[in-house]
Amino acid sequence: MHITLLHNADADALEEDPGREARADVERVAAELTRALGKGGYEVSVLAVGPSPADIVAPLSARTTDLVLNLCESIGGDARGEMAVPALLDLLGLPYSGSGALALGLALHKDKAKELLVARSVLTPPFRVIERLARLEDLDLPFPLIVKPSREDASVGVDFDSVVEDERSLKDAVRRVLRTFKQPALVERFIPGREVYVSLLGNSPRTALPLSEIRFGQTFAGRPHIVSYRAKWETSSPECIDSPSVPCTLPRELEGRVVETALAAFEALGCRDYGRVDLRLSEDGQPWVIDINPNCDLHPQAGFARSAAAAGLEYSALALRLVDVALERTHGHPSRRPRRQGRPREAARSHRELLTRRGALRARGHRPGVAAE
Ligand SMILES: Nc1ncnc2c1ncn2[C@@H]1O[C@H](COP(=O)(O)OP(=O)(O)O)[C@@H](O)[C@H]1O
Ligand SMILES: [Mg+2]
């Protein structure tokens, strides 16, 4: 059984990249997952994706692969390329892990994602999209507000100055987003309160792993309690050291509402397989969805893997589970179905054999860690 692990290799693609650390991280994740899957008996080859579609299409057309593990978060240093990767894989007829192009695209078009949440009555902070500074004159949202790039993730473009309490700092923050990222700014109500993460795994059923939250320490006294880019990626910065992710304990009823809200948000965007939904808990006990991450960080030290470990799924078992979840779903992938009309839906022969072989592997006990499932 052959897995191709696809990741972006664009940490040095731009001279000045405000998201460089985030882009470099995916290469470490690829190495960790390759090791874990290798131990589990899979044959894994890693494909680093450059800026051209040929970087994906040519090597994948030339080899036999049973599943693509798609870790690509950007192409050529641009997060907007993320959604093109699953689209290409669909065209190639290759089964892959994680969400499809539509869900990835929506998650990275934060205003569109939020419109969907609003349509489904999933609580998310009120917001406006600002394309030009002049549009700020019509803004009818009360302070405090937070200003973020509307088409980035991984906290790219978010720092203490992103949280604003007056017209002048609002204008400065919007100007910075427009100039630096050449994309609209998302202005939304700032929700003070705890920041809680819900990691979701599987499709049917979809399970919420144990919740985690950010513990904001003394470094944040008198400053906005936010996971800025520094707090997330600059590991030696005081903000990063003083904002660890820790297990989150909530009263049972509130925990239930948090998980329900996360599931509804994940579903609204059509996400699948795995991902993380980030929420803030306002003082009146309402969970607000602030970010949906279908392509979340799968590093062993990042939130998703830690939540999995808290559920008894150590990293190597998690890696195998991610493959299983994708295979369970792609068993009926359209590209694997017979093309003639009138036949019952069934997985193509190659895929059935592939699943049988996996069974054999299991029976031979070549996959340590599976017991944790
Ligand atoms: N509406 C909000 N209220 C409070 N904090 C927020 C809000 N939006 C974002 N943040 C803070 O900013 C961080 C990054 O914002 P997020 O929307 O998650 O962007 P990204 O997709 O880049 O990760 C969050 O982890 C949170 O700490
Ligand atoms: Mg986020």
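We number each residue from 1, following the sequence as shown. Counting starts at 1 for both ligands and their atoms, in listed order.
Atoms CZ and CG, from Arg80 and Leu108 in turn, are 8.5 Å apart once rounded to the nearest 0.5 Å. Separation of atoms CG (Leu145) and OG (Ser162) is listed at 12.0 Å; rounding is to 0.5 Å.
Side-chain polar atoms of Asp278 and Asn293 form a donor-acceptor pair below 3.5 angstrom. Ser45 and Arg63 share a donor-acceptor pair across their side chains, judged by distance under 3.5 Å alone. Judged purely by distance below 3.5 Å, without hydrogens or angles, the side chains of Ser74 and Asn8 pair a donor atom with an acceptor atom.
Among protein heavy atoms, atom 1 (N) of ligand 1 sits closest to Glu188 OE2, 2.7 Å. Scanning the protein for heavy atoms near atom 3 (N) of ligand 1, the closest one is Ile191 N, 2.8 Å. Counting protein heavy atoms only, atom 18 (O) of ligand 1 is closest to Asp291 OD2, 2.9 Å. In this structure, the protein non-hydrogen atom closest to atom 13 (C) of ligand 1 is Val227 O, 3.5 Å.
In the displayed structure, Arg175 atom CZ is contacted under 6.0 Å by more than 12 heavy atoms of other residues, nucleotides or ligands. Remark: Arg128 CZ is packed, more than 12 non-hydrogen atoms of other residues, nucleotides or ligands lying under 6.0 Å away.
A cation-pi arrangement, defined by a distance under 6.0 Å to the six-membered ring centre and an angle within 45 degrees of its axis, is present between Arg276 and Tyr197.
Considering backbone and side-chain atoms together, Phe190 places no N or O closer than 3.5 Å to any N or O of ligand 1.
At a 4.0 Å heavy-atom cut-off, ligand 1 touches Ser155 through backbone and side chain alike. In Val158, the part holding a heavy atom less than 4.0 Å from any atom of ligand 1 is the side chain. Contacts of Ile146 with ligand 1, taken as heavy-atom pairs under 4.0 Å, involve the side chain alone. For Pro192, no heavy-atom contact with ligand 1 is shorter than 4.0 Å.
The residue from Ile226, Ile214, Val163 that puts a heavy atom closest to atom 11 (C) of ligand 1 is Ile226. Taking only non-hydrogen atoms, the option from Glu195, Lys110, Lys232, Arg280 nearest to atom 19 (O) of ligand 1 is Lys110. Across the listed options His225, Lys148, Glu152, Arg189, Lys148 owns the non-hydrogen atom lying nearest to atom 8 (N) of ligand 1.
Side chains of Pro126 and Trp288 form a contact here, defined as non-hydrogen atoms less than 4.5 Å apart.
Heavy-atom proximity to Pro125, at under 4.0 Å, picks out these atoms of ligand 1: 1 (N).
When the options Glu152, His109, Arg151 are evaluated for a side chain to side chain donor-acceptor pair (under 3.5 Å) with Gln183, the one that passes is Glu152.
Backbone or side-chain N, O or S atoms of Asp278 do not reach the Mg ion (ligand 2) at under 2.8 Å.
The Mg ion (ligand 2) lies closest to atom OD2 when only the N/O/S atoms of Asp291 are considered.
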